[in-house]
J.: 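Dumping the structure here so I can ask a few things about it.
Side-chain atoms are counted along with the backbone in the values below, which use heavy atoms only and exclude waters and symmetry mates.
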Amino acid sequence: MSSIDAQRPLYEIKANLFKGLAHPFRIRILELLSASPEVSVADLQQQTGLEASHLSQHLSVLRRYRLVTSERRASHVYYRLANTQVAEMLAVARALLLELSKTEGAYLAASDALAMPAGVAS
């Protein structure tokens, strides 16, 4: 954490973290990195289908928010999660989303049960 971050309320720092996560492709990149110790840029490009320039922009955002680190070896660049807690955060988010979808499904089923029978005017 930088000295500037130390002077800001934690909720602002958290909000900025979530800004870094606020794109589906960035989440996908983090999921791919969660599944392997490291992944080359070429593999990330192949697995996401992103153009090199777009992938580079997303990786830059993830580096800025310190979610990933990179290492150049010869002509290849490899990325890894900066911290194992990033993978844990994604797992918690997945579990939360599954729970929310179950709850939403229960609400939909309950509302379907309360729906008016066909042909009955309200």
Side-chain angles (χ1 to χ4, degrees):
M1 186 182 310
S2 71
S3 61
I4 293 172
D5 283 345
Q7 297 171 0
R8 293 176 28 211
L10 184 56
Y11 60 85
E12 285 184 19
I13 298 167
K14 285 181 184 178
N16 282 330
L17 169 67
F18 287 112
K19 286 178 189 175
L21 298 170
H23 194 284
F25 278 115
R26 290 197 286 271
I27 298 296
R28 179 66 181 135
I29 291 165
L30 292 173
E31 288 174 341
L32 292 168
L33 294 174
S34 294
S36 299
E38 65 181 14
V39 181
S40 71
V41 170
D43 286 341
L44 287 172
Q45 187 176 4
Q46 189 266 329
Q47 292 182 51
T48 61
L50 288 169
E51 293 180 23
S53 62
H54 292 148
L55 177 60
S56 177
Q57 290 172 358
H58 288 301
L59 290 169
S60 175
V61 170
L62 293 171
R63 278 193 315 274
R64 182 177 336 126
Y65 289 102
R66 296 186 298 270
L67 295 167
V68 300
T69 61
S70 62
E71 180 182 342
R72 178 176 289 281
R73 288 187 230 133
S75 62
H76 299 284
V77 178
Y78 294 86
Y79 277 83
R80 69 185 63 80
L81 295 179
N83 190 307
T84 58
Q85 290 176 327
V86 174
E88 293 170 17
M89 178 182 59
L90 291 171
V92 168
R94 180 183 190 84
L96 174 62
L97 290 171
L98 287 172
E99 188 61 32
L100 291 173
S101 70
K102 286 180 193 173
T103 303
E104 186 175 307
Y107 288 142
L108 289 174
S111 68
D112 286 346
L114 295 174
M116 297 290 281
V120 176
S122 51

J.: Salt bridge or not for Arg73 and Glu38, using N-O below 4.0 Å?
T.: yes
J.: Is it the case that the side chain of Ser56 and the backbone of Ala52 share a donor-acceptor pair, with hydrogens and angles ignored and the cut-off at 3.5 Å?
T.: no
J.: Report the distance from atom CD1 of Ile29 to atom CG of Leu55, rounding to the nearest 0.5 Å.
T.: 5.0 Å
J.: Do the side-chain N and O atoms of Arg72 and Tyr78 include a donor-acceptor pair separated by under 3.5 angstrom?
T.: no
J.: Quick check for you: to the nearest 0.5 Å, what is the distance between Thr48 atom OG1 and Phe25 atom CZ?
T.: 6.5 Å
J.: If we ignore hydrogens and angles and just use 3.5 Å, is the side chain of Ser36 paired with the main-chain N or O of Val39 as donor and acceptor?
T.: no
J.: For Arg63 and Tyr79: C-alpha separation, side-chain torsions, deciding distance, then whether side chain to side chain contact (heavy atoms under 4.5 Å, CB included) applies.
T.: CA-CA 10 Å; Arg63 278 193 315 274; Tyr79 277 83; 2.3 Å; yes
J.: Side-chain heavy atoms nearer than 4.5 Å, only ILVMFWY residues, links allowed to pass through others: does that put Leu21 and Ile13 together?
T.: no
J.: Check the hydrophobic clustering (I, L, V, M, F, W, Y; side-chain heavy atoms under 4.5 Å; chains of links allowed) and say if Phe18 and Val68 are grouped together.
T.: yes
J.: Nearest 0.5 Å please: distance from the CG atom of Leu33 over to the CG atom of Leu62.
T.: 8.0 Å
J.: Rounded at 0.5 Å granularity, tell me how far NE2 in His58 sits from OG in Ser53.
T.: 9.5 Å
J.: Tell me if the CD atom of Glu51 is crowded by more than 12 foreign heavy atoms within 6.0 Å.
T.: no
J.: Taking Leu17 as the starting point, is it possible to reach Val92 by hopping between hydrophobic residues whose side chains are less than 4.5 Å apart?
T.: no
J.: Out of curiosity, Arg64 CZ to Asn16 CG, how far, rounded to the nearest 0.5 Å?
T.: 10.0 Å
J.: Where the side chain of Arg26 meets the backbone of Leu59, is there a donor-acceptor pair that is under 3.5 Å apart?
T.: no
J.: Would you say NE2 of His76 has more than 12 non-hydrogen atoms from neighbouring residues, nucleotides or ligands within 6.0 angstrom?
T.: no
J.: Can you measure from CG (Leu81) to CD (Glu31) and round to the nearest 0.5 angstrom?
T.: 11.0 Å
